[in-house]
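Reading through the structure tokens given below for one structure.
In what follows, every chain begins at residue 1, and chains take the letters A, B, ... in the order their sequences are listed.
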Amino acid sequence: MKSKSIEDIIALSNDLRWQIGDDFHDNLAEGIYADAAEIVSTTVKTKDADRKFRLDARIDKILTSKLWGFPLMFLILALVLWVTIVGANYPSAMLSSLLLDTVHPALKGFASNIGLPWWLDGFLIDGVYLAVAWVVAVMLPPMAIFFPLFTLLEDFGYLPRVAFNLDHLFKLSGAHGKQALTMSMGFGCNAAGVVATRIIDSPRERLIAIITNNFSLCNGRWPTQILIATIFIGAIVSPSMAGIASLSAVIGIAVLGIFFMFLVSWALSKTVLKGEVSTFNLELPPYRPPRFWKTIYTSLIDRTIIVLWRAIVFAAPAGAVIWLISNIYLGDESIASWMIHSLDGFGFLLGLNGVILVAYIVAIPANEIVIPTILMLTVLVSGIPGGEGAGVMFELDSVNATGQILRSGGWTLLTAVNLMLFSLLHNPCSTTIYTIYKETKSLKWTTVATVLPIVMGFVVTFLVAQIWRLYA
Amino acid sequence: MDTKPKSACDTCVHFNAEGLKKLGVNTTNFDFVVALAGNPNTGKSTVFNAITGLRQHTGNWPGKTVTRAEGAFEYNKKKFKMVDLPGTYSLLSTSEDEEVARNFLLFGKPSVTVIVVDASRLERNLNLVLQILEITDRAVLCLNLMDEADRNGIEIDTRSLARELGIPVVASSARFNKGIPELIQTISDLANGKVSCKPHRIKNIPKKIEKAVEKLSDEIKKEYPNLPNSRWIAFRLLEGDRHIMEVLRTGEFV
Amino acid sequence: MSTYNPINALLLFFAILIMAFFVFRPSKGWLWLILNSTKTNDKIVVEDILKLLYHNENADKHLNTNDIVRTIKNNERLIIENINKMVLHELITVEGDVVKLTKSGSDYALRIVRAHRLWEKFLAEKTGFKEAEWHALAEQKEHELSAAETEQLASRLGNPQFDPHGDPIPTQTGKIAKIKGTPISELEVNTIGRIIHIKDKPDVIYRQILAENIHIGSLIRIVEKTPERIVFHSEGEAFVLAPIVAGNITVTVLEKDMTFEDDLARLSNLKEGETAKIIGISKEIRGDSRRRLLDLGFVKGADVRIDLINPLGEPKAFLIKGTSIALRNNQASKILIKKE
């Protein structure tokens with residue numbers, strides 16, 4: 001009985017909608033604002049209307065001016081990155097000396113004291129613990145610096161102005177100005193960058209920002225870039241120029257990443273994402289002095305700890321896998337060395353080698369452990385002296401010693417260049433992949449975001465390798 | 001129903017500071033549900049944090065809270081669950097965050113809705129306020145960022161604003177914890193039925209549409225006589241909102 | 001790898017690339033052709049014939065078999081076969097040379113038209129495809145939508161009355177609203193009207209109209225009419241069209257005492273320091289973009305002025321109802337204002 005009258009109501013609403021035509025929404029919105037204007041006219045008094053927003057306007061005029069807008073912006077962003085990378089060195093060194101050089105041997109000693117079987121000891125302490133410790137030591141300090149700085153800029157209200165300044169460039173590639181921010185956030189951590197795309201309210205541009213975030217070199221990859229550049233690029237110029245040469249190489253890679261970000265954004269907006277809805281608008285909120293300590297506290301809790309925790313959750317099993325493949329033998333070869341040998345051919349085509357590819361496969365969870373894994377595997381398969389044993393990741397304090405191990409593993413300048421390229425262009429880490437899936441709720445776009453960069457990485461390193469060999 | 005609601009100033013005197021306990025995320029066994037709505041960038045999350053003692057990040061950036069956050073507080077031995085809805089400009093569109101906010105106000109049946117507005121941008125914020133007042137009849141307007149409004153030389157007559165809107169109005173600066181006790185007191189009064197509202201209804205609608213809305217709303221009232229927001233349902237039906245049609249069919253919101 | 005050398009590797013790589021291009025390129029790629037050849041089945045031919053007959057019968061034209069074969073681009077044998085099948089299923093009758101729709105044939109045709117127009121409405125409201133692409137996409141989709149899907153689509157769109165070209169969408173029961181209007185080419189000078197329909201065929205003329213940025217719902221006033229050209233004002237701009245083009249645009253004539261604002265401008269033309277009142281948002285902005293602009297306060301009567309200009313000229317931030325909102329030029333150019 002009731003359901004019939006409900007159907008009647010719905011039918012009536014359909015009829016009425018036909019009668020009043022297409023303008024209903026416009027009329028309603030206008031009506032509400034007209035009411036609002038009436039209410040405000042009787043209740044709000046503005047004295048001295050000129051003073052309104054004067055300070056804001058003055059700041060805005062400078063921050064978006066033709067002369068100062070861009071230089072100021074690059075200066076501020078460069079400063080944030082510089083403080084992050086340089087400032088993270090000391091706490092990182094302290095953490096790794098604590099977690100890797102003190103706690104790890106202590107745990108080993110404790111395990112042998114209570115007579116833990118060697119395989120359990122290796123699996124848990126050399127595998128799981130070491131991977132987690134590594135991720136914490138490398139990842140925590142830069143994030144603990146980067147995120148609060150970024151959050152302070154955000155709370156002040158500067159970030160929307162960056163989006164406003166850069167929108168023109170992003171529009172050319174079919175993207176949203178706010179992507180400038182999610183991209184910058186990606187320099188800290190891609191997973192956080194992907195979450196940050198929520199501020200983009202246009203569906204198409206948001207997908208573009210999510211898929212291309214991986215082209216921002218995240219802080220798990222900066223150390224790799226810097227180390228490899230120092231060893232190999234710095235070595236080809238005179239010692240006085242080494243520092244500058246390797247720094248420019250790293251910056252070059254980051255800029256290349258930005259270039260790929262624009263290129264892929266453009267290609268996506270012209271092809272697969274053509275039919276997605278695109279709306280643009282950007283509110284420029286008033287400036288507000290951030291409350292320093294509160295901001296630092298919340299950004300540590302909200303962003304740093306959450307991202308770190310997720311990385312740990314993914315890194316622990318990766319450590320276990322790394323230890324297992326190095327210690328489980330098929331015939332007289334460990335799984336790791338078998339994988340390395342079967343991938344050597346493909347690796348050679350890309351100007352890389354089997355060790356690097358295996359390291360990237362097992363290190364999907366966290367880019368931070370790529371270098372330690374490469375070192376361990378290189379020692380494992382080449383039989384050169386050094387290292388801590390099968391499945392035990394390590395790093396060396398001396399850059400020279402690291403270089404020696406890599407060179408005796410067959411590395412050349414080409415390997416180094418292509419490793420840097422591949423570190424930029426490969427699938428996102430598993431934390432990011434998981435985040436992309438959570439944000440898009442779409443298997444299709446997660447797959448695209450995962451596969452696209454690695455295919456690009458294969459193509460780019462392949463081409464570089466062939467051309468290099470033609471001329472070398 | 002009272003035709004003249006008490007204005008905010010009548011309620012602010014008897015705030016009982018000892019009766020307040022911030023419960024953080026412990027949201028079990030509550031007596032009342034309080035919804036927190038508002039435009040992006042009005043300090044909504046700051047109000048939320050000030051009341052619940054939580055420390056949600058509040059960015060100076062429109063559209064920060066996308067999922068809804070929950071917290072709780074206890075006042076005069078009653079437990080209140082507080083739900084921080086995504087900040088939206090409106091409830092009329094189809095975007096995800098608006099749907100979350102709209103559905104919670106309609107179907108979550110909050111005992112009280114706190115609408116946080118930026119005092120220095122009242123007109124723009126009233127767009128959302130007037131829409132919410134079509135949905136719920138127990139709401140309080142939290143006139144936040146009063147410090148900024150003062151700085152910009154904006155004066156607001158809260159008494160006549162409360163009269164126009166038909167709901168209590170509380171002026172606050174949540175960043176400095178000003179006005180929060182009064183807000184809690186008002187929430188409690190509304191929840192306990194000590195203050196009642198006669199919310200403003202949208203007036204400036206073309207005749208043709210007003211007629212259609214009235215006709216539809218009358219039919220809905222015949223079916224669901226106790227529905228406070230038949231006019232809003234009529235608006236949604238005229239927009240062709242499929243979700244509302246579905247809910248009408250199942251009748252699950254009554 | 002003993003046979004490896006970089007040149008071979010590169011050659012192999014480019015060979016694979018070229019192969020992939022031929023296989024996967026859209027609309028001419030082999031993969032696409034293979035997929036499509038299985039799709040070109042009888043259903044599409046039948047439905048295309050029905051639609052063709054329906055549109056022609058509406059214009060009181062009757063076609064013979066030859067006309068059908070000529071108009072529908074498909075295998076001739078397939079068409080003849082299907083015409084025979086359709087006669088058997090009583091969708092059409094063939095009287096002498098002339099092919100006519102039966103009642104059930106014309107009902108079927110209406111359902112296809114409904115699916116087509118609903119899909120165009122969907123593309124306009126819910127996707128980012130351009131106007132020029134709608135028709136072709138709907139031509140495909142109309143064959144794929146089942147009756148149930150069509151109804152779902154209709155209710156999702158709020159049972160719209162007209163498609164984005166202004167064509168009426170037949171109801172589920174086959175009712176179809178009539179368009180009462182006059183082509184622009186037949187209006188006298190100084191007539192004021194509102195555009196209610198733009199023909200999307202022939203394609204050449206339709207694209208020309210789109211390129212001029214003429215849209216349904218706009219108010220126009222005829223300024224000049226000669227056999228060579230028709231000039232009218234709309235949304236603050238003057239349009240010059242050839243009569244043959246103007247004939248494809250239909251308007252309803254409005255009351256004489258209606259005020260027509262000739263001094264309209266577009267928000268994109270507002271200069272720094274000027275203030276203006278918003279008159280409205282062009283009908284060209286639809287769906288979510290339109291709602292969002294309205295929500296942000298770009299409503300009739302609102303005061304607006306420029307707050308900030310991007311160092312590169314675009315976007316511009318507008319101060320509206322106390323807040324600074326940045327819009328790109330392609331949006332600002334669709335918001336009508338009156339300068340003060």
| message | Does Lys61(A), at its NZ atom, have more than 12 non-hydrogen atoms belonging to other residues, nucleotides or ligands within less than 6.0 Å? | response | yes

| said: With a 4.5 Å cut-off on side-chain heavy atoms, are Asn27(A) and Ile205(B) touching? | reply: no

| request: Would you check if the side chain of Asp157(B) reaches a backbone N or O of Thr43(A) as a donor-acceptor pair within less than 3.5 Å? | output: no

| Side chain, backbone, both or neither: which part of Ile10(A) has an atom under 4.5 Å from a heavy atom of chain B? | side chain

| request: Please flag which part of Asp118(B) lies under 4.5 Å from any non-hydrogen atom of chain A: side chain, backbone, both or neither. | output: side chain

| said: Could you report the tightest heavy-atom contact between Ile32(A) and Leu130(B), atom names first, then the distance? | reply: O-CD1, 3.6 Å

| Atom CG in Leu16(A), atom CG in Leu237(B): separation rounded to 0.5 Å? | 9.5 Å

| message | If I compare all heavy atoms of Thr42(A) with all of Ser160(B), which pair ends up nearest, and what's the gap? | response | O-OG, 4.2 Å

| field | For the student: nearest non-hydrogen atoms of Phe24(A) and Phe235(B), plus distance | value | CE2-O, 3.5 Å

| Side chains of Val44(A) and Ile154(B): closer than 4.5 Å at any heavy-atom pair? | yes

| request: Could you tell me whether the side chain of Glu38(A) reaches within less than 4.5 Å of the side chain of Glu164(B), counting heavy atoms only? | output: no

| query | If you count heavy-atom pairs under 4.5 Å with chain A, which of Gln131(B), Lys222(B), Lys203(B) comes out on top? | reply | Lys203(B)

| message | Rounded to the nearest 0.5 Å, what separates atom CG in Leu145(B) from atom CZ in Arg288(A)? | response | 5.0 Å

| task | Determine the option with the most heavy-atom pairs under 4.5 angstrom with chain A, choosing from Leu165(B), Val129(B), Asn125(B), Ile156(B). | result | Ile156(B)

| task | Check whether Arg201(B) gets within reach of chain A through its side chain, its backbone, both or neither, counting any heavy atom under 4.5 Å. | result | backbone

| query | Judged by atom type as modelled, is there a donor-acceptor pair below 3.5 Å linking the side chain of Asp35(A) to the main-chain atoms of Asn204(B)? | reply | yes

| request: Count the heavy-atom pairs under 4.5 Å between each of His200(B), Lys215(B), Glu239(B), Met245(B) and chain A, then report the option with the highest count. | output: Glu239(B)

| query | Nearest 0.5 Å, what's the CZ-CD distance between Arg124(B) and Glu283(A)? | reply | 6.5 Å

| remark: Between the CG atom in Leu248(B) and the OG atom in Ser13(A), the distance rounded to the nearest 0.5 Å is 8.5 Å

| query | Are Glu123(B) and Tyr33(A) linked by a side-chain donor-acceptor pair shorter than 3.5 Å? | reply | no

| task | Apply side chain to side chain contact (heavy atoms under 4.5 Å, CB included) to the pair Leu12(A) and Leu216(B), showing each step before the final yes or no. | result | CA-CA 7 Å; Leu12(A) 175 68; Leu216(B) 203 49; 3.6 Å; yes

| said: Just verifying a value: how many Å separate Ile9(A) CD1 and Lys221(B) NZ, rounded to the nearest 0.5 Å? | reply: 12.0 Å

| said: If I measure from the heavy atoms of chain A, does Glu148(B) come under 4.5 Å with its side chain, its backbone, both, or neither? | reply: side chain

